[in-house]
2 protein chains.
Amino acid sequence: MDCVIFGLEGDELKVLLIQHDEGPVEGQWALPGDYVRFDIDLEEMPSIVLKQLTGLENVFVELFDVLGKINRVTHQRVITAAYFALISTEKYELKKGLEARDIKWMDIHNIPKLIYDHNEIINRGYEALKLKLRREPVGVELLPRQFTLTQFQKMYETILDIKLDTRNFRKKILKEDILIDTNQKELNVPYRAPNLYTFNAEKYDTLKAKGYFLNIY
Amino acid sequence: MDCVIFGLEGDELKVLLIQHDEGPVEGQWALPGDYVRFDIDLEEMPSIVLKQLTGLENVFVELFDVLGKINRVTHQRVITAAYFALISTEKYELKKGLEARDIKWMDIHNIPKLIYDHNEIINRGYEALKLKLRREPVGVELLPRQFTLTQFQKMYETILDIKLDTRNFRKKILKEDILIDTNQKELNVPYRAPNLYTFNAEKYDTLKAKGYFLNIY
DNA sequence: TCAAAAGTGTTGATATTACACCCATGC
DNA sequence: GCATGGGTGTAATATCAACACTTTTGA
């Protein structure tokens, strides 16, 4: 199981990578992952790895691919289930674990050469994320619990690499009624204090259950 | 690897199932599938199984899930990659193979109890198909090479379990310009002979590459 | 008072919906 | 000539796209 962990930092979409400290790939960078334990459901594996690395639980995780070419890993036949995870930049502390020499967020547009086919996995994960974001507001998972409309818009712009018209975007989002106005303002900004919103998960889940999609462009 | 093979027969969406003839699940119905061979890329497995069962090649196949709960198979730990395949009702001949006692198309809404979690796999495959069909006209893969607009509309209605307005549907599809008018008519029908179309794959692929989606409702 | 981002409305173009009748064919 | 599905147009409504200025705040 390998995990493409996405995070937003400023105007950049980042992926969490680790540097191996032992074995045949010592010193090389890679996606976090692990062999599927025989006593653990496959779908539990991403949560276990994420807990170890970031201390975070209840993170948004989704399977997006399975890689099974014969020679994708050099020394043995390995089939990997590839998940992506979206984590909020609010608070977490990176713990590299025993087998890692280093752990680092890297810009999605500037990933070094990784082991095996991990660059390919990241590319596919990114495509899967973009595809999903075009019909569902999954990007809220990357934002703090409370966020401004500008942050929300920038999240779309950063991930999808597009420019959105602010007035039209706000009109659309507010009309859809999936954000809750907290009536609080962001403090300590050297300009007009923006309003803070939270995501209305219940409302959105109801819409989604009815087959509704939130299409941005 | 297990495979949910979809086909259209009349107004019904069907799934191809086989009845095992040996082993611990003798006599029980199941999805076609096989253990992943060590000398074969995982993604080649569905084609191999499909070739055996139907004689068809170059069939539309896509991964939609991976099932990996500890006890999903009773006697050992098995993780399965689940693919769906869309096959045209034009012509194929079912060959049940050596290990199967019988092979049969079954209505998606009337599937008997299958081995392990295969009912669950079918449900998930059906959901994946519906989701995909709502933005891409993958359903053409279920139709003959030449088809009428009515067949095309019925395909959407059958799979998505909805009713579409014929005039609006035709207007939309023809405006999108992804069907090619063959200028041929269906013969031997006891009513006004309908026009036949083929799918304009090149045109559609161009649109798709630009990020276009064909949304039906 | 200035810099920086927040916030807001209107208009024209486009797309979507709702809806009912005539047409062509084989029997 | 009749039964069967094939094929078509229009008007009302909703959605989308383009576009620029005023407001608030802290420094």
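Every chain is numbered from 1 and lettered A, B, ... according to where its sequence line falls, protein lines coming before strand lines.
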Distances for protein N/O vs nucleotides 9-11 of chain D N/O pairs under 3.5 angstrom?
residue: D:dT10; atom: O4; partner: B:Lys171; partner atom: NZ; Å: 2.8

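No more than 12 heavy atoms of other residues, nucleotides or ligands shown are found within 6.0 angstrom of CD on B:Glu99. Under a cut-off of 6.0 angstrom, the local environment of NZ in A:Lys154 is sparse, with at most 12 non-hydrogen atoms contributed by other residues, nucleotides or ligands.
Note: CG (B:Leu179) to P (D:dG7) measures 12 Å, nearest angstrom. Rounded to an integer number of Å, the gap from A:Leu149 CG to D:dT24 C1' is 16 Å. B:Leu164 places its CG atom 10 Å from the P atom of C:dT17, with the value rounded to the nearest Å. The OH-P distance, from B:Tyr212 to C:dA15, rounds to 11 Å in whole Å. B:Lys175 places its NZ atom 14 Å from the C1' atom of C:dT17, with the value rounded to the nearest Å. Here D:dG6 presents its P atom at 15 Å from CG of B:Asp181, a figure rounded to the nearest Å. With rounding to whole Å, A:Ile216 atom CD1 is found 12 Å from D:dC16 atom C1'. Put simply, NZ on A:Lys163 is 16 Å from C1' on D:dC19, counting in whole angstrom units.
A close approach under 4.0 Å does occur between a side-chain nitrogen or oxygen of A:Thr150 and OP1 or OP2 of C:dA6.
When the options A:Val140, A:Ile180, A:Leu207 are evaluated for a side chain to side chain contact (heavy atoms under 4.5 Å, CB included) with A:Asn200, the one that passes is A:Ile180.
Contacts of B:Tyr83 classified as ring pair (Phe, Tyr, Trp, His ring centres under 6.0 Å), with partners at least two apart in sequence or in another chain: none. In this structure A:Lys175 satisfies the salt bridge (charged side-chain N to carboxylate O under 4.0 Å, His left out) test with no other residue, sequence neighbours excluded. For B:Lys132, the side-chain contact (heavy atoms from CB on, under 4.5 Å) partners at least two apart in sequence or on another chain are B:Phe60, B:Glu62, B:Phe84, B:Glu136, B:Val138. The salt bridge (charged side-chain N to carboxylate O under 4.0 Å, His left out) search around B:Lys185 returns none, not counting sequence neighbours.
Between A:Asn215 and B:Lys154, it is B:Lys154 whose nearest contact on DNA chain D lies nearer the 5' terminus.
Using bins of under 30°, 30° to 60° and over 60° for the plane-to-plane angle, the ring pair B:Phe199/B:Tyr204 lands in the tilted bin.
In this structure, the ring of A:Phe152 has its center no less than 6.0 angstrom from the ring center of A:Tyr197.
DNA chain C is contacted by B:Val189, B:Pro190, B:Tyr191, B:Arg192, B:Ala193 of residues 186-199 of chain B, taking any non-hydrogen atom closer than 4.0 Å.
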